[in-house]
S.K.: 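Once you've had a glance at the structure underneath, I'll fire off some questions.
For reference, positions follow the sequence shown, starting with 1.
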Amino acid sequence: ELLKQATAQEPGNHRAWFVMARAYDAQNNTAKAVECAKKACGLSKQASYQLFLGDMLVKYGDRTGAKMAYEIAKSLGANAASVDAKLNAL
């Protein structure tokens, strides 16, 4: 509830969106996790956000979207070997 308030009051707060995405993932609400992770990624170009989004998209069944997220993470400096392992698992 606090995270919903934080994103409502500060819709540009990428950290709040990312924390909320992780909270939804912990509740096994992948659709909401994807939605919030996409918001966070749109607000801040961070490799960790893209990696998480990729992982959520894999869970959601969107392999094409996951591949794109992983490639973006790689371009933002994520560990290439780690990203390549995720890509090869698709």
Side-chain angles (χ1 to χ4, degrees):
E1 191 61 38
L2 289 175
L3 289 170
K4 287 180 185 178
Q5 289 175 359
T7 56
Q9 291 173 354
E10 292 183 65
N13 185 338
H14 62 93
R15 288 180 193 91
W17 285 107
F18 185 67
V19 171
M20 192 154 58
R22 295 192 53 124
Y24 279 125
D25 178 41
Q27 297 170 359
N28 293 314
N29 189 338
T30 306
K32 283 290 197 179
V34 167
E35 180 183 324
C36 294
K38 284 182 177 181
K39 277 279 205 186
C41 289
L43 293 167
S44 183
K45 304 298 180 207
Q46 294 191 37
S48 61
Y49 289 7
Q50 291 291 337
L51 287 171
F52 180 80
L53 175 59
D55 292 345
M56 292 301 96
L57 289 168
V58 168
K59 283 174 91 172
Y60 197 62
D62 182 355
R63 293 166 49 105
T64 302
K67 182 179 178 184
M68 287 177 38
Y70 291 147
E71 292 289 352
I72 293 169
K74 198 170 171 180
S75 76
L76 293 172
N79 179 283
S82 174
V83 174
D84 287 342
K86 289 177 181 285
L87 287 167
N88 290 334
L90 291 178

S.K.: Are side-chain N/O atoms of Asp84 and Tyr70 paired as donor and acceptor at under 3.5 Å?
M.R.: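 No, no side-chain donor-acceptor pair sits under 3.5 Å.
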
S.K.: Can you tell me how far apart CZ (Phe52) and CD (Gln46) are? Round to the nearest 0.5 Å.
M.R.: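 Separation between the atoms: 13.5 Å.
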
S.K.: May I ask you to test the Leu51-Lys86 pair for a side-chain heavy-atom distance under 4.5 Å?
M.R.: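 Sidechains of Lys86 and Leu51: in contact.
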
S.K.: What distance do Lys74 atom NZ and Gln50 atom CD have between them, rounded to the nearest 0.5 Å?
M.R.: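 So the gap between those two atoms works out to 14.0 Å.
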
S.K.: Taking C-beta and beyond as the side chain, do Leu57 and Lys67 meet within less than 4.5 Å on heavy atoms?
M.R.: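 They are not in side-chain contact.
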
S.K.: Roughly how far, to the nearest 0.5 Å, is CG of Leu53 from SG of Cys36?
M.R.: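 Spacing of SG (Cys36) from CG (Leu53) equals 11.0 Å.
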
S.K.: Under 3.5 Å, which donor-acceptor pairs do the side chains of residues 11-30 form with other protein atoms, sequence neighbours left out?
M.R.:
| from | atom 1 | to | atom 2 | distance (Å) |
| --- | --- | --- | --- | --- |
| Asn13 | OD1 | Arg15 | N | 3.1 |
| Asn13 | OD1 | Ala16 | N | 3.1 |
| His14 | ND1 | Tyr49 | OH | 2.7 |
| Trp17 | NE1 | Pro11 | O | 2.9 |
| Asp25 | OD1 | Lys59 | NZ | 2.6 |
| Asn29 | OD1 | Lys32 | N | 3.2 |

S.K.: When clusters are formed from ILVMFWY side-chain contacts under 4.5 Å, directly or step by step, what else is grouped with Ile72?
M.R.: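 Other cluster members: Leu76.
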
S.K.: Verify, without hydrogens or angle tests, whether Thr7 (side chain) and Lys4 (backbone) share a donor-acceptor contact under 3.5 angstrom.
M.R.: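 Yes, Thr7 side chain to Lys4 backbone: donor-acceptor pair under 3.5 Å.
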
